[in-house]
Amino acid sequence: MTAMLEVCGLTVNYGRIQAVRGIDFTLETGQISALVGANGAGKSTTLLALSGLLPKAGGQVRFEGEDITRLAPHQIVARGIVQVPEGRAILTTLTVLENLELGAYRHGLKAADDELDAVLHLFPPLKERLHGLAGNLSGGEQQMLAIGRALMAKPRLLLLDEPSMGLAPLVVQEIFRALRAINRGGLTLLLVEQNVCQALKLAQHGYVLENGLMALSGPGRELLGHPRMLEAYLGG
Ligand SMILES: Nc1ncnc2c1ncn2[C@@H]1O[C@H](COP(=O)(O)OP(=O)(O)OP(=O)(O)O)[C@@H](O)[C@H]1O
Ligand SMILES: [Mg+2]
């Protein structure tokens with residue numbers, strides 16, 4: 001296996017608050033990895049720092065063998081690391097197609113023809129509502145749109161912050177099914193979730209963040225059976 005992303009000693013502060021305290025982790029090419037943990041553990045902070053949207057107070061990030069620690073957000077996107085933000089950040093007064101077009105802003109909609117086809121194939125509800133306002137979509141459809149918009153940027157690594165948040169169980173199944181399909185197509189994923197059980201079932205590898213520290217890591221299925229996980233996250 002080859003590592004796509006190697007994170008070493010990552011530290012992120014909000015003023016005097018140390019939100020992420022020197023964590024190490026590796027994402028293998030072609031895998032789904034999950035970063036799980038309770039409220040306030042530092043999951044979103046980690047993703048925002050990887051995307052360059054928060055400054056790193058310490059540590060190093062290597063992507064495909066190159067140091068990207070100090071790159072600006074647009075340079076990180078250009079390398080192929082694209083984030084689906086917490087809360088989706090859909091532009092509700094634009095159409096579905098216009099939102100997707102935003103994802104393709106670096107290369108233009110014409111050059112993202114194949115990506116558009118793939119997104120509409122993956123998420124049929126978006127195809128039906130392509131010229132409707134994004135604000136009229138259901139929560140699940142808005143999550144599909146947020147993922148679709150990220151795919152339009154032709155990512156090599158997709159970072160997802162709580163895609164299941166606020167969605168009904170059946171809709172969560174639908175989103176996770178799509179993530180599995182995206183991964184089968186060759187994309188590497190880092191999935192941040194409070195939905196620990198579902199995320200670890202989906203992911204080949206899991207990391208557990210507690211109070212800004214990496215508490216546990218291992219194959220997803222193995223973590224599901226770990227006594228500490230059962231006690232702390234999986235309700236016995
Ligand atoms: N803008 C901010 N200013 C100050 N502290 C912050 C800020 N954002 C987050 N924090 C703090 O940093 C810590 C980590 O927060 P973070 O949002 O990364 O957690 P999380 O694991 O994503 O949680 P959740 O599951 O609730 O999304 C928490 O203690 C939080 O209160
Ligand atoms: Mg968060």
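Just so you know, these numbers use all the heavy atoms, side chains as well, and skip hydrogens, waters and symmetry mates. If you're wondering where the values come from, they're calculated on a predicted model, not measured in any experiment. Atoms within a ligand are numbered from 1 in the order they appear, just like the ligands themselves.
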Could you list the atoms of ligand 1 found under 4.0 angstrom from a heavy atom of [X]?
{"X": "Gln194", "answer": "24 (P), 25 (O), 26 (O)"}
{"X": "Ala41", "answer": "19 (O), 20 (P), 21 (O)"}
{"X": "Thr45", "answer": "14 (C), 15 (O), 16 (P), 18 (O)"}

Heavy-atom nearest neighbour in the protein, as seen from [atom], with distance rounded to 0.1 Å:
{"atom": "atom 9 (C) of ligand 1", "result": "Tyr14 CE1, 3.4 Å"}
{"atom": "atom 27 (O) of ligand 1", "result": "Glu86 OE2, 3.2 Å"}
{"atom": "atom 26 (O) of ligand 1", "result": "Asn39 OD1, 2.6 Å"}
{"atom": "atom 17 (O) of ligand 1", "result": "Ser44 CB, 3.9 Å"}

Atom CZ of Arg62 with >12 non-hydrogen neighbours under 6.0 angstrom:
yes
Is it the case that atom NE2 in His121 sees more than 12 heavy atoms from other parts of the structure closer than 6.0 Å?
no
Please check whether Ala19 reaches ligand 1 - meaning an N/O of the residue sits under 3.5 Å from an N/O of the ligand, judged on distance alone.
no
Is there any N or O on Ile17 that sits under 3.5 Å from an N or O of ligand 1?
no
Between Glu64 and Arg79, is there a salt bridge with N-O shorter than 4.0 Å?
no
Sidechain N-carboxylate O distance under 4.0 Å for Arg228, Glu231
no
To which of Gly37, Gly15, Gly40 does the heavy atom nearest atom 14 (C) of ligand 1 belong?
Gly40
Looking only at side chains, do [X] and [Y] share a donor and an acceptor under 3.5 Å apart?
{"X": "Thr188", "Y": "Gln31", "answer": "no"}
{"X": "Asp67", "Y": "Gln60", "answer": "yes"}
{"X": "Glu86", "Y": "Ser44", "answer": "yes"}

4.0 Å heavy-atom contact, Gly42 with ligand 1
yes
Work out whether the distance between some heavy atom of Ala38 and some atom of ligand 1 is less than 4.0 Å.
yes
Separation of Leu202 CG from Ile175 CD1 (nearest 0.5 Å):
12.0 Å
Counting only N and O atoms by type, is there a donor-acceptor contact under 3.5 Å from the side chain of Thr95 to the main-chain atoms of Gly132?
no
May I ask you to check if any N/O/S atom from Thr45 comes under 2.8 Å of the Mg ion (ligand 2)?
no
Protein non-hydrogen atom below 4.0 angstrom of atom 30 (C) of ligand 1 present:
no
